[in-house]
**Student:** 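Structure incoming, see below.
Here the structure is a predicted model, which means the values were calculated and not measured. The figures here come from the full heavy-atom set of this structure, side chains too, leaving out hydrogens, waters and symmetry mates.
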Amino acid sequence: MRILHVIHDFLPRHRAGSELYALRLARELARRHDVRILCAEYDPSRPHLSVSARECDGLPVVELVNNWRFASFAESYRSDLVGAVLGGILAEARPDVLHVHSLLNLTLDLPAMAARRGVPTVATLHDFTLVCPSGGQRVHRAEAHVCHDIDPERCRRCFVQSHFHSQMSPAPGGGSGWLARLRSRGNRRLPSGEIERRLACVREAMRHVELFVAPSRALGEDLVRFGLPADRLVISDYGFPALARSTRRAQGGRLRIGYVGTLVWHKGVHVLLDAVRRLPSGRCEVHLFGDSGTFPDYAADLRRRAAGLPVFFRGAFGEAETARVYSEIDVLVVPSLWPENSPLVIHEAFMAGVPVVAARAGGIPELVSHGQSGLLYDPFAADELAGALRSLIDEPERLAALAAAAPAVKPIAQDAHEWEERYRDVLERGRAARANTETPLVSIVIPTFNGAATLPAVLDAVAGQRADFAFETVAVDSGSTDGTRAILEGRVDRVVHVEPGGFDHGLTRNLGVESARGAFVVLLVQDAVPAGPGWLSSLVRPLFDDGRLAGTFARQVPRPEASALTRHYLAGWVACGEAPRTSALAGEDEFRALAPMERYLRCVFDNVCSCLRRSAWELHPFRATAIAEDAEWAKEVLLAGWRLAYVPEAAVVHSHERPARYELWRTYLVHQKLRSLFGLRTVPTPLHLARAIGLCLGSHLRCSWRDGVGARKPCALARALALAFAFPLGQYLGALSAERGWLRWRPRGV
């Protein structure tokens, strides 16, 4: 079995709990399997996004340099450039299973990228990096606050006060304005909506993880509270290599208090020093084992606090020295302030026969039974910690009793065998799912109403799509009476029924998206025929590659029988050109600075054939509207920081020869909406109206001449002339009605 372990950073430079566990598990699994490590590293001395190969303890390691050179906050967790590099690594490694320990410094898209290659993802949950963008500890360091809930407003403030923000630098070639503006503000915070968008991306990433394993119930239940699917969660503690028991010292000497771990604020070492200052002089000494260079400012603060105290900074140590470290202390203190998971050092102390005094936080009480296998106190309570340590100074015989009651620790060999069973299970379930019905990555939603004339061709084209992902088809029917329901029966995966007359351009599409299962949802009208077998892949692919895209829309080509007039108008529509384009807005200020027509063109989006990212739609569902739900949605998502793309390679055959009366009232409704959304008036005055009608008469006559209508097709000529009045008049009246507030009247049948 080929297993790729993925983690945010790795040894030897980084020696925290998740890195050590990943090393030990991978090393044990490598006895029977092909195991590799994929990690990231922040190293400005090396080129951003460069990749190198090395070994760690005999394990092959692929390391991506991520120097946080990003054009936006969104790129810090979902960068298309990082994704492109990781895609190449996945293609080269060809894993059977992806085992994620952390996606920090990488991309939240990685599980979806693996799923597209048929590779299942499992995850060990070490902390809260999925929901906490500032390192995963749910700690607002600048305000000395532990976050019991995820408050987006606090997260906006916390991130820009974290070391992650300080290490960010602008992407080459632009995109630096947002970062410079953010850093120049006195009260800095991310723009509104950024944290919510990240959480939506997290929820989407979770959809592609087959199994989550939390070493503590506290961590697992908290993450379920924050959105992790409970039905894919297993609680199972870490495994450990054997560790020799330490030799007990003779009673009567000073109590040797030990701390083992990273010297960082949320680990609470300063609380330990405050407690020691309250203990009797000469009765104890403190040994701090941890690298002072990882967070040098905090280490310097600890040295200031330790002045005059019997505190020894012992530095970092290698794995081979672990037994020696525990032999040099009488009690381990775990003074964590954040909701810890299942601290490795507590298990090590149990194996070494060293009793534990620990903060009552996170999963720690699941390991330490107060008064039996150790002592617990409330985080931040230095007095209470001092009392617990004083009891051990005064009654040193309790040390042996507490150590003797330590629970057994799971061996790493057993842990590895459990993981092998999990790998086999997800692989077997994947094979079974593919053999039966795959969970669709993409859903195609088609609103229908009396579409019997066109639906068969549409459904035939959909069925003929060649795609390397599973997809489904969902119809939302609004009370058809022409046989449409019979056509849909057996041709689509699901039909949702809407009461006759209950159709709404926005709400009915919402109903279709809600009924779909895919992470990406294609909206297709009942008379738009996909132009080839690669239509679906072309339309969806940009959303795979760029996590900032909220949606894509396709090119429309006229039907073979379309009139010259129809071809003329369709050729001028944005969704007909051959050049791809991407739309974005820097924010409300940029939008307001644009001219009305520029605002509209920036927000063009067409639900004749489009594809939505479900997580973007969940944040921004369509609004109830008589028409132009796509333009309204496009404006909303662009202002929220998403991007939209026009994909001409994805084409549908779609055009109409509708009566002039219908086009008049349809144009009226559209321009009423465009005036409300963008301030657009294409025909602002009666004089402009007269001029527009004259220009239309000329162009329509030329098109009719090319079609050879005239006396041979008097009805077609009459329609062309009527449309020359209908289009400008609809534009004029629609914008005027919006401007005057005449919004109650709605033409029927449009």
**Student:** Check step by step if salt bridge (Lys or Arg N to Asp or Glu O under 4.0 Å) holds for Asp149 and Arg225.
**Tutor:** CA-CA 9 Å; Asp149 292 297; Arg225 183 163 62 93; 2.6 Å; yes
**Student:** State, with a plain yes or no, whether a side-chain heavy atom of Pro133 is found less than 4.5 Å away from one of Ile195.
**Tutor:** yes
**Student:** Sub-3.5 Å donor-acceptor pair from the side chain of Ser480 to the main-chain atoms of Asn450, do we have one?
**Tutor:** yes
**Student:** For the residue pair Gln731 and Thr667, confirm or rule out a side-chain donor-acceptor distance under 3.5 Å.
**Tutor:** no
**Student:** Taking Thr454 for the side chain and Gln526 for the main chain, is one N or O donor matched with an acceptor at less than 3.5 Å?
**Tutor:** yes
**Student:** Determine whether more than 12 heavy atoms belonging to other residues, nucleotides or ligands lie under 6.0 Å from atom CZ of Arg691.
**Tutor:** no
**Student:** Could you state the interatomic distance from CG (Leu524) to CD1 (Ile444), rounded to the nearest 0.5 Å?
**Tutor:** 7.0 Å
**Student:** Measure the spacing between CG of Leu570 and OG of Ser655 and express it to the nearest 0.5 Å.
**Tutor:** 6.5 Å
**Student:** Is the charged tip of Arg599 near the ring of Phe591: under 6.0 Å from the six-membered ring centre and within 45° of its axis?
**Tutor:** yes
**Student:** Is any NZ, NE, NH1 or NH2 atom of the basic residue among Asp460 and Arg491 found under 4.0 Å from an Asp or Glu carboxylate oxygen of the other?
**Tutor:** yes
**Student:** Take atom CD of Glu499 as the centre, draw a 6.0 Å sphere, and report whether it contains more than 12 heavy atoms from other residues, nucleotides or ligands.
**Tutor:** no
**Student:** Is there a side chain to side chain contact (heavy atoms under 4.5 Å, CB included) between Glu598 and Phe678? Walk through the geometry before answering.
**Tutor:** CA-CA 9 Å; Glu598 292 174 320; Phe678 308 110; over 6 Å; no
**Student:** Please examine the side chains of Thr107 and Ser79, heavy atoms only from C-beta on, and report whether any two atoms are closer than 4.5 Å.
**Tutor:** no
**Student:** Run the side-chain donor-acceptor check on residues 529-542: report pairs under 3.5 Å with partners two or more places apart or on a different chain.
**Tutor:**
from, atom 1, to, atom 2, distance (Å)
Ser537, OG, Arg466, O, 3.3
Ser538, OG, Gly534, O, 3.0
Arg541, NH2, Asp468, OD1, 3.2

**Student:** Under 3.5 Å, is there a donor-acceptor pair between the Ser162 and His165 side chains?
**Tutor:** no
**Student:** Would you compute the distance between atom CG of Asp527 and atom OG1 of Thr448 and round it to the nearest 0.5 angstrom?
**Tutor:** 11.5 Å
**Student:** When you check the gap from the basic side-chain N to the acidic O, do Glu75 and Arg69 get nearer than 4.0 Å?
**Tutor:** no
**Student:** Got a sec, which residues hit side-chain contact (heavy atoms from CB on, under 4.5 Å) with Glu657, two or more places apart in sequence or on another chain?
**Tutor:** Ala562, Ser563, Thr566, Arg719
**Student:** Tell me whether Glu561 at atom CD has more than 12 heavy atoms from other residues, nucleotides or ligands lying less than 6.0 Å away.
**Tutor:** yes
**Student:** For the backbone of Ala461 and the side chain of Gln465, can you confirm whether one donor and one acceptor N or O come within less than 3.5 Å of each other?
**Tutor:** yes
**Student:** Looking at Arg613 and Thr552, would you say the former's side chain and the latter's main chain have a donor-acceptor pair under 3.5 Å?
**Tutor:** no
**Student:** If I take atom CZ from residue Arg614 and atom CZ from residue Arg203, how far apart are they, to the nearest 0.5 angstrom?
**Tutor:** 12.0 Å
**Student:** Are a donor atom and an acceptor atom from the side chains of Thr484 and Asp482 found within less than 3.5 Å of each other?
**Tutor:** yes
**Student:** With a 6.0 Å cut-off on the ring centroids, do Tyr668 and Tyr732 count as close?
**Tutor:** no
**Student:** Between Ser583 and Arg602 (side chain of the first, backbone of the second, donor and acceptor by atom type, cut-off under 3.5 Å), is there such a pair?
**Tutor:** yes
**Student:** Just by modelled atom types, is the Ile627 backbone N or O under 3.5 Å from a matching donor or acceptor in the Lys673 side chain?
**Tutor:** no
**Student:** Are Phe469 and Phe544 side-chain neighbours, meaning at least one heavy-atom pair lies under 4.5 Å?
**Tutor:** yes
**Student:** Is any side-chain heavy atom of Val608 less than 4.5 Å from a side-chain heavy atom of Val525?
**Tutor:** yes
**Student:** Compute whether any side-chain donor of one residue and acceptor of the other, for Glu472 and Ser443, lie under 3.5 angstrom apart.
**Tutor:** yes
**Student:** Given side chains that start at C-beta, do those of Ser76 and Trp68 come closer than 4.5 Å, heavy atoms only?
**Tutor:** yes
**Student:** Would you call Glu636 and Arg623 a salt bridge, taking side-chain N to carboxylate O under 4.0 Å as the test?
**Tutor:** yes
**Student:** For the residue pair His505 / Asp630, report whether a side-chain donor-acceptor contact shorter than 3.5 Å exists.
**Tutor:** no
**Student:** Taking atom types as modelled, is there a side-chain donor on Trp633 or Asn607 under 3.5 Å from an acceptor on the other?
**Tutor:** no
**Student:** Check for a donor-acceptor pair, side chain of Trp617 on one end and backbone N or O of Val513 on the other, with a separation under 3.5 Å.
**Tutor:** no
**Student:** Atom CG of Leu733 and atom CG of Leu689: how far apart are they, to the nearest 0.5 Å?
**Tutor:** 7.5 Å
**Student:** Taking Arg567 for its side chain and Arg559 for its backbone only, find out whether a donor-acceptor pair lies under 3.5 Å.
**Tutor:** yes
**Student:** Has Glu590 got a side-chain atom pairing as donor or acceptor with Ala586's backbone, closer than 3.5 angstrom?
**Tutor:** yes
**Student:** Quick one: CG on Asp493 to OG on Ser515, what's the gap to the nearest 0.5 Å?
**Tutor:** 12.5 Å
**Student:** In plain terms, say whether Arg509 and Glu629 are close enough for a salt bridge, that is, a side-chain N and a carboxylate O under 4.0 Å apart.
**Tutor:** yes
**Student:** Can you find a side-chain donor-acceptor pair between Tyr569 and His656 that sits under 3.5 Å?
**Tutor:** no
**Student:** Between the main-chain N or O of Tyr662 and the side-chain N or O of Arg658, is there a donor-acceptor pair closer than 3.5 Å?
**Tutor:** no
**Student:** Side chain to side chain contact (heavy atoms under 4.5 Å, CB included) between Ile150 and Cys155: does it pass, once the steps are laid out?
**Tutor:** CA-CA 8 Å; Ile150 301 300; Cys155 292; 4.2 Å; yes
**Student:** Indicate, with yes or no, if the rings of His620 and Phe622 have centres closer together than 6.0 Å.
**Tutor:** no
**Student:** For the pair Phe605 and Phe553, name the ring-plane relationship: parallel under 30°, tilted 30 to 60°, perpendicular over 60°.
**Tutor:** perpendicular
**Student:** Distance only, no hydrogens: is a donor on one side chain within 3.5 Å (strictly under) of an acceptor on the other, for His140 and Gln161?
**Tutor:** yes
**Student:** Salt bridge check, Arg156 against Glu194: does any charged N sit closer than 4.0 Å to a carboxylate O?
**Tutor:** no
**Student:** Report yes or no: do Gln672 and Ser737 form a side-chain donor-acceptor pair below 3.5 Å?
**Tutor:** yes
